[in-house]
Participant: 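Got a structure for you, questions after.
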Amino acid sequence: MDLGPIDLDITLDCGQAFRWRKSGDVWTGVVKGEIVRLAKRGKAVDVETELSSREIGSYFRIDDDLEDIGRQLDRDSIVRELRERFAGLRLLRQDPWECSASFLLATNANVPRIKKMIESVCVRFGHEVADGLYSFPMPEDITAKEDAAEKCGLGYRCNRFSDFARKGSEGRLDFESWKTMPYEECVKELVRFDGIGDKVADCIALFCLDHLEAFPIDVHIGRTLEERYGVTGSYRNVSRWARERFGRYAGYAQEYLYLSARPRI
DNA sequence: AACCAGGTCTCGA
DNA sequence: TCGAGACCTGGT
């Protein structure tokens, strides 16, 4: 399948999605409850899945105008350089429920631990779609097992996670409307939930709600912006600065900067 | 063994 | 609106 220019290693292991695993040269993941196996074959990608090519295309955002994105990002010389260094990075359009619940857990913990917490949740609440491979549970799967979340090693995130799942099962997570409304309003809605602050709201807006101007600022990005651009201040001020500097695709710029700033794993 | 991690919450100024 | 402290737990 032709997904356009894409580097699977960078795209699937850059911190936007936590559940893709590589074995040999094959990436395996679960999308919409279905197994997806990917391998690079020349310029194309070998895709093995029950999902339609339309669904796969949506997940990999093949509808994005990469030329326009490149033009916008290259106005900044630092990002232009990173775009060459990390050529083939693509943002994903993830499932809103899985993405938001995952980033709810991704607070004040390093990536290995975040992956472990999410995996634990999948094993305990999800469905085994293949040997040892589990789907991310739906809200109902989580609310159905009272107190089971306490055994997932989530720490103080446990109650937030359970509450968020309950909201989901009650149909009170209106992702479609958050996609439609402007970025600022979307974030304003998201931060009302316990456990979702400025940064997590931006991650959700960017990685699953199509708000490409969202610019999540974690500790690494914060340091990078200070070192390379001399920018400091409150989250909202720095965030505004970033959106003005990098434009309507600021989220892509953020991901390049994150790749260069994160500790080597 | 400390320090830190893709932060958020609460509270006081 | 902003900054300071506390905070589960595990990785390095």
Side-chain angles (χ1 to χ4, degrees), chain A residues 9-20 79 82 86 89-92 94 96 98-121 123-124 136 147-165 167 184 187-209 211-228 231-243 246 250-265:
Chain A
D9 295 347
I10 295 175
T11 299
L12 300 177
D13 190 31
C14 66
Q16 59 177 326
F18 297 106
R19 297 206 64 221
W20 287 95
V79 174
L82 293 174
F86 299 107
L89 164 70
R90 302 284 291 275
L91 285 182
L92 302 170
Q94 301 179 52
E98 173 172 348
C99 183
S100 54
S102 294
F103 275 97
L104 184 65
L105 298 177
T107 64
N108 201 22
N110 55 25
V111 172
R113 185 175 176 211
I114 294 167
K115 288 180 175 175
K116 187 168 286 186
M117 286 190 280
I118 294 173
E119 184 63 18
S120 173
V121 163
V123 170
R124 195 165 292 276
F136 192 89
D147 297 338
E150 293 173 5
K151 297 176 180 174
C152 294
L154 308 182
Y156 58 72
R157 305 162 192 79
C158 185
N159 288 334
R160 301 171 176 175
F161 184 74
S162 300
D163 290 348
F164 197 61
K167 294 235 170 58
E184 284 86 354
V187 164
K188 202 175 295 182
E189 291 284 316
L190 289 172
V191 294
R192 295 169 57 190
F193 294 96
D194 187 25
I196 299 182
D198 295 326
K199 189 270 179 181
V200 169
D202 274 332
C203 286
I204 297 170
L206 177 61
F207 298 136
C208 66
L209 298 179
H211 292 293
L212 297 184
E213 71 267 54
F215 190 91
I217 303 166
D218 68 0
V219 288
H220 303 299
I221 293 294
R223 277 201 281 268
T224 297
L225 293 183
E226 179 168 8
E227 290 168 8
R228 304 171 99 149
V231 179
T232 55
S234 69
Y235 189 99
R236 290 183 183 172
N237 277 323
V238 177
S239 172
R240 192 181 315 113
W241 175 89
R243 293 199 305 282
F246 300 114
Y252 270 95
Q254 187 274 356
E255 210 53 30
Y256 286 110
L257 290 166
Y258 177 73
L259 277 169
S260 72
R262 71 170 178 181
R264 295 303 308 156
I265 299 173

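The sequence lines fix the lettering, A, B, ..., with proteins before strands; numbering per chain opens at 1.
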Participant: Does the ring centre of A:Phe161 sit less than 6.0 Å away from the ring centre of A:Tyr156?
Facilitator: no
Participant: Of all of residues 187-202 of chain A, which get a heavy atom below 4.0 angstrom from DNA chain B, listed by number?
Facilitator: A:Phe193, A:Asp194, A:Gly195, A:Ile196, A:Gly197, A:Asp198, A:Lys199, A:Val200
Participant: Students often get this wrong, so: under 4.0 angstrom with heavy atoms, is A:Cys14 touching a base, only sugar-phosphate, or nothing?
Facilitator: base
Participant: Ring centres under 6.0 Å, that's the criterion: do A:Phe207 and A:Phe103 meet it?
Facilitator: yes
Participant: Identify the stems formed by DNA chain B, where each pair is Watson-Crick or G-U wobble with both distances under 3.5 angstrom and a stem is at least 3 consecutive pairs.
Facilitator: B:2-5 with C:9-12, B:7-13 with C:1-7
Participant: Quick one about A:Ser234 and A:Arg240 (side-chain donor to acceptor, distance below 3.5 Å, no hydrogens or angles considered), yes or no?
Facilitator: no
Participant: For the pair made of CZ in A:Arg223 and C1' in B:dG7, what is the distance, rounded to whole Å?
Facilitator: 13 Å
Participant: Select base, sugar-phosphate, or nothing to describe what A:Phe103 touches, counting heavy atoms under 4.0 Å on all strands.
Facilitator: nothing
Participant: Grab the CD1-C1' distance between A:Ile114 and B:dC4 for me, whole Å please.
Facilitator: 13 Å
Participant: Looking for any heavy atom pair under 4.0 Å, which part of the strands does A:Glu150 touch: base, sugar-phosphate only, or nothing?
Facilitator: nothing
Participant: For A:Ala250 versus A:Phe215, what's the shortest heavy-atom pair and its separation?
Facilitator: O-CD1, 3.3 Å
Participant: If you compare all heavy atoms of A:Lys151 against all heavy atoms of A:Ser120, which two are closest, and at what distance to 0.1 Å?
Facilitator: O-OG, 4.3 Å
Participant: Which atom pair, heavy atoms only, marks the closest approach of A:Gly155 to A:Arg113?
Facilitator: N-NH2, 4.3 Å
Participant: To the nearest Å, give me how far apart CD1 (A:Ile204) and C1' (B:dT8) are.
Facilitator: 13 Å
Participant: Taking C:dG10 as the reference, what is the distance to B:dC9 when you measure between their P atoms (whole Å, please)?
Facilitator: 22 Å
Participant: For DNA chain C, find the residues of residues 232-240 of chain A with a heavy-atom distance under 4.0 Å and give them by number; none if there aren't any.
Facilitator: A:Ser234, A:Asn237
Participant: For residues 153-165 of chain A, pull every pair meeting salt bridge (Lys or Arg N to Asp or Glu O under 4.0 Å), keeping only residues two or more places apart or in separate chains.
Facilitator: A:Asp163-A:Arg166
Participant: Treating A:Ser102 as the side-chain partner and A:Glu98 as the backbone partner, does any N or O pair qualify as donor plus acceptor under 3.5 Å?
Facilitator: yes
Participant: Rounded to the nearest Å, what distance is computed from the CG atom of residue A:Asn159 to the P atom of nucleotide B:dC9?
Facilitator: 13 Å
Participant: Output the rounded distance in Å from CZ (A:Arg160) to P (B:dG7).
Facilitator: 12 Å
Participant: With rounding to the nearest 0.5 angstrom, report the CG to CD1 distance, A:Leu104 to A:Ile196.
Facilitator: 5.5 Å
Participant: Might you list the N or O atoms of the protein lying below 3.5 Å from N or O atoms in nucleotides 11-13 of chain B, with each pair's distance?
Facilitator:
none

Participant: Any ion pair linking A:Asp13 and A:Lys115 (charged N to carboxylate O, less than 4.0 Å)?
Facilitator: yes
Participant: Between atom OG of A:Ser100 and atom CZ of A:Phe193, what is the distance when rounded to the nearest 0.5 Å?
Facilitator: 8.5 Å
Participant: Any carboxylate oxygen within less than 4.0 angstrom of a Lys/Arg side-chain nitrogen, looking at A:Lys199 and A:Asp218?
Facilitator: no
Participant: Can you check side-chain hydrogen bond (donor to acceptor under 3.5 Å, both in side chains) on A:Arg262 and A:Thr224, steps first, answer last?
Facilitator: CA-CA 10 Å; A:Arg262 71 170 178 181; A:Thr224 297; over 6 Å; no
Participant: Quick check: closest heavy atoms across A:Ala201 and A:Val191, and the distance to 0.1 Å?
Facilitator: CB-CG1, 3.8 Å
Participant: Considering non-hydrogen atoms only, spot the tightest contact between A:Cys14 and A:Glu255 and give its length.
Facilitator: O-OE2, 2.9 Å
Participant: With a 4.5 Å heavy-atom cut-off, do A:Ser239 and A:Asp198 have their side chains touching?
Facilitator: no
Participant: What pairs of nitrogen or oxygen atoms, one from the protein and one from nucleotides 6-9 of chain C, lie under 3.5 Å apart?
Facilitator:
from	atom 1	to	atom 2	distance (Å)
C:dC8	O2	A:Arg157	NH1	2.8
C:dC8	N3	A:Arg157	NH2	3.3
C:dC8	N4	A:Asn108	O	3.4
C:dC8	N4	A:Asn108	ND2	3.1
C:dT9	O4'	A:Arg113	NH2	3.1
C:dT9	O2	A:Arg113	NH1	2.5

